[in-house]
Engineer: 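Dropping the structure in here first, questions after.
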Amino acid sequence: MFDIQEIRSQFPILNQLVNGKPLVYLDNAATSQKPNSVLEVWNQYYTELNANVHRGIHTLSQLATEEMELSRRKIQKFINAKHDFEVIFTKGTTEGLNLIAYILTQELKKDDEIIISYLEHHSNIVPWQLLCERTGAKLRVIPIDENGILQLDYLDQYLSEKTKVVSVNQVSNALGIVNPVEEIIAKTRQKSNAYIVIDGAQSAPHFKIDVQKLDCDFFVFSGHKMYAPMGTGILYGKQEVLESLPPFHGGGEMIATCSFDGTTYAGLPFKYEAGTPNVGGNIALGAAVDFIEKVGYENLQRHENALLDYAQRQLLEIEDLKIYGEKAKRVGVVSFNLEGVGISSDVGMILDKMGIAVRTGHHCTQPIMDFFNIAGTVRASFAVYNTFQEIDLLVEGVKKAQKMLR
């Protein structure tokens with residue numbers, strides 16, 4: 001049975017007051033809160049197991065290594081990777097995308113093309129722009145319509161033998177729109193030999209991922225958006241792709257042999273895991289996977305979709321409130337503005353005084369804001385511990401902000 005109060009009891013931060021009001025945390029697309037089960041695993045590592053991994057023969061090092069590799073196997077199952085060594089630990093989605101863009105440098109030449117979309121986070125724009133600067137490749141962008149929906153007819157036009165990379169997010173962080181990545185991947189496979197990169201930062205917390213079924217070359221996501229500590233993340237890459245490409249960072253762990261005459265590289269996954277990893281965080285990421293699976297994806301999705309539907313219906317009853325992407329398929333996010341009442345940050349500050357945490361601004365997606373000719377939005381984003389009562393408080397707060405700012 002899905003018991004929201006039992007779930008909330010696992011998140012100690014939700015018990016506090018903010019500005020004298022009970023905390024209503026609706027900024028989950030930026031980062032989620034962490035359950036006790038994750039915090040306890042993280043704390044246990046530093047109080048009982050703290051040692052470097054893979055290189056030690058002493059007991060603590062061996063135990064720490066076992067726990068981190070167990071976490072890797074949990075994540076392999078979580079995303080249905082074929083092999084555990086296709087799971088690379090990173091600091092997060094941004095590092096994963098930069099890693100991919102860097103190791104593909106030798107794969108591109110002048111006038112090759114990289115396709116992304118208008119809905120991308122800056123971290124799925126800037127690394128590709130830098131790759132274009134290094135290689136002379138060109139960036140092409142799939143446009144959106146007035147509902148924020150990708151216009152895939154343009155993808156059909158753009159795809160060619162020149163296409164070397166297609167990189168899109170599965171869910172928009174700014175609007176919550178679920179993109180048809182299965183269709184994008186199928187079109188790409190039909191018309192090019194491009195590498196396919198999926199940004200799963202906003203999808204992994206909300207629905208089941210199957211990288212083998214998707215048939216993407218790379219899939220990246222962050223731990224901190226799915227109940228794990230900050231500074232954790234995953235890069236999935238197909239074995240044959242990762243083995244064919246060069247390393248990212250050089251240093252300890254990623255070598256097979258090293259001399260002044262030359263270096264050979266370790267096999268996967270260590271080829272891409274130079275230096276001391278975030279061992280405690282990586283182990284706790286496995287605990288976050290355990291938490292999600294214990295709640296159950298069907299329960300999680302049913303609850304979050306109900307929250308989104310309820311929030312949208314209640315907010316749209318407010319006069320002069322506009323929701324962006326309202327007619328698109330969405331998950332976890334409602335992004336809106338009050339027309340004629342100043343800027344989004346003004347609304348956010350008033351909500352904060354009421355203990356309600358939302359995100360305001362451009363959400364690291366300035367092209368989306370430029371498309372809608374706005375400076376930013378108010379974004380409320382949901383997690384499994386949020387309640388309908390919290391949405392009622394949000395709606396009351398927005399109404400209060402509207403009266404104060406008019």
Side-chain angles (χ1 to χ4, degrees), residues 2-43 46 173 176 205-206 222-231 281 284 287-288 291-292 294-295 299-300 303-304 306-308 310-312 314-315 317-318 321 332-338 341-361 363 376-406:
F2 183 80
D3 185 340
I4 185 63
Q5 293 307 319
E6 194 278 330
I7 288 174
R8 286 180 64 83
S9 72
Q10 299 179 49
F11 292 83
I13 198 170
L14 300 180
N15 295 323
Q16 69 176 301
L17 300 179
V18 172
N19 293 318
K21 304 288 186 180
L23 171 63
V24 176
Y25 187 80
L26 299 175
D27 193 21
N28 296 285
T31 195
S32 64
Q33 299 303 337
K34 324 305 175 192
N36 284 321
S37 58
V38 170
L39 297 173
E40 288 166 1
V41 165
W42 183 88
N43 184 65
Y46 281 106
N173 72 295
H206 299 294
S222 298
H224 74 97
K225 297 179 189 296
M226 47 173 282
Y227 312 107
M230 292 186 178
F291 169 78
I292 291 173
K294 185 176 180 180
V295 171
N299 290 329
L300 186 150
H303 180 64
E304 291 182 348
L307 290 172
L308 176 61
Y310 183 72
Q312 177 157 303
Q314 296 300 310
L315 286 168
E317 291 183 3
I318 300 174
L321 185 143
V333 168
V334 58
S335 196
F336 63 92
N337 275 327
L338 292 168
V341 295
I343 58 177
S344 61
S345 59
D346 292 337
V347 178
M349 286 189 287
I350 292 172
L351 292 174
D352 179 60
K353 296 300 182 183
M354 302 173 67
I356 303 169
V358 296
R359 182 70 45 160
T360 64
H363 316 299
T377 70
V378 180
R379 184 187 70 187
S381 50
F382 311 118
V384 69
Y385 43 70
N386 289 126
T387 67
F388 297 101
Q389 291 77 18
E390 289 180 318
I391 292 172
D392 290 337
L393 291 171
L394 170 68
V395 172
E396 290 177 19
V398 172
K399 290 178 179 177
K400 180 176 180 180
Q402 186 179 54
K403 290 178 180 178
M404 293 177 64
L405 294 170
R406 268 183 167 168

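Values in this document were obtained by computation on a predicted structure and should not be read as measured data.
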Engineer: Flag the pair Met349 / Thr360 as yes when at least one side-chain heavy-atom distance between them is below 4.5 Å, and no otherwise.
Structural biologist: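 In short, these two side chains do not touch, never coming nearer than 4.5 Å.
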Engineer: Evaluate the ring planes of Tyr310 and Phe388, with Trp represented by its six-membered ring, and classify them as parallel (under 30°), tilted (30 to 60°) or perpendicular (over 60°).
Structural biologist: perpendicular
Engineer: Find the distance between CE (Met354) and CG (Leu393) and round it off to the nearest 0.5 Å.
Structural biologist: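 Atom-to-atom, Met354:CE and Leu393:CG are 7.0 Å apart.
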Engineer: Check for a donor-acceptor pair, side chain of Lys225 on one end and backbone N or O of Ala30 on the other, with a separation under 3.5 Å.
Structural biologist: yes
Engineer: What is the distance from atom OG1 of Thr31 to atom CE of Met230, rounded to the nearest 0.5 Å?
Structural biologist: 3.5 Å
Engineer: Tell me, do Leu338 and Leu321 make a side-chain contact under 4.5 Å, heavy atoms counted?
Structural biologist: yes
Engineer: Could you check whether any side-chain heavy atom of Ser335 comes within less than 4.5 Å of a side-chain heavy atom of His363, counting everything from C-beta outward?
Structural biologist: yes
Engineer: Test Phe336 against Ile318 for side-chain contact (heavy atoms from CB on, under 4.5 Å), laying out the working first.
Structural biologist: CA-CA 11 Å; Phe336 63 92; Ile318 300 174; over 6 Å; no
Engineer: Answer yes or no: is there a donor N or O on one side and an acceptor on the other, between the side chain of Asn299 and the main chain of Val295, under 3.5 Å?
Structural biologist: yes
Engineer: Picking from Leu351, Val398, Val18, Asn19, what satisfies side chain to side chain contact (heavy atoms under 4.5 Å, CB included) with Ile356?
Structural biologist: Leu351
Engineer: Any side-chain heavy atom of Val395 sitting closer than 4.5 Å to one from Lys399?
Structural biologist: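 In short, these two side chains touch, coming nearer than 4.5 Å.
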Engineer: In Å and rounded to the nearest 0.5 Å, what is the CG to CD1 distance from Leu307 to Ile4?
Structural biologist: 7.5 Å
Engineer: To the nearest 0.5 Å, what is the distance between CZ (Arg359) and OG1 (Thr377)?
Structural biologist: 11.0 Å
Engineer: Rounded at 0.5 Å granularity, tell me how far CD in Gln314 sits from CG in Leu394.
Structural biologist: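 It comes to 10.5 Å.
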Engineer: side-chain contact (heavy atoms from CB on, under 4.5 Å) between Leu405 and Ile350: does it pass, once the steps are laid out?
Structural biologist: CA-CA 10 Å; Leu405 294 170; Ile350 292 172; 3.8 Å; yes
Engineer: Once the angle between the rings of Tyr25 and Tyr385 is folded into 0 to 90°, is it parallel (under 30°), tilted (30 to 60°) or perpendicular (over 60°)?
Structural biologist: tilted
Engineer: About how many Å separate NZ of Lys34 and CH2 of Trp42, when rounded to the nearest 0.5 Å?
Structural biologist: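 Here the interatomic distance stands at 12.5 Å.
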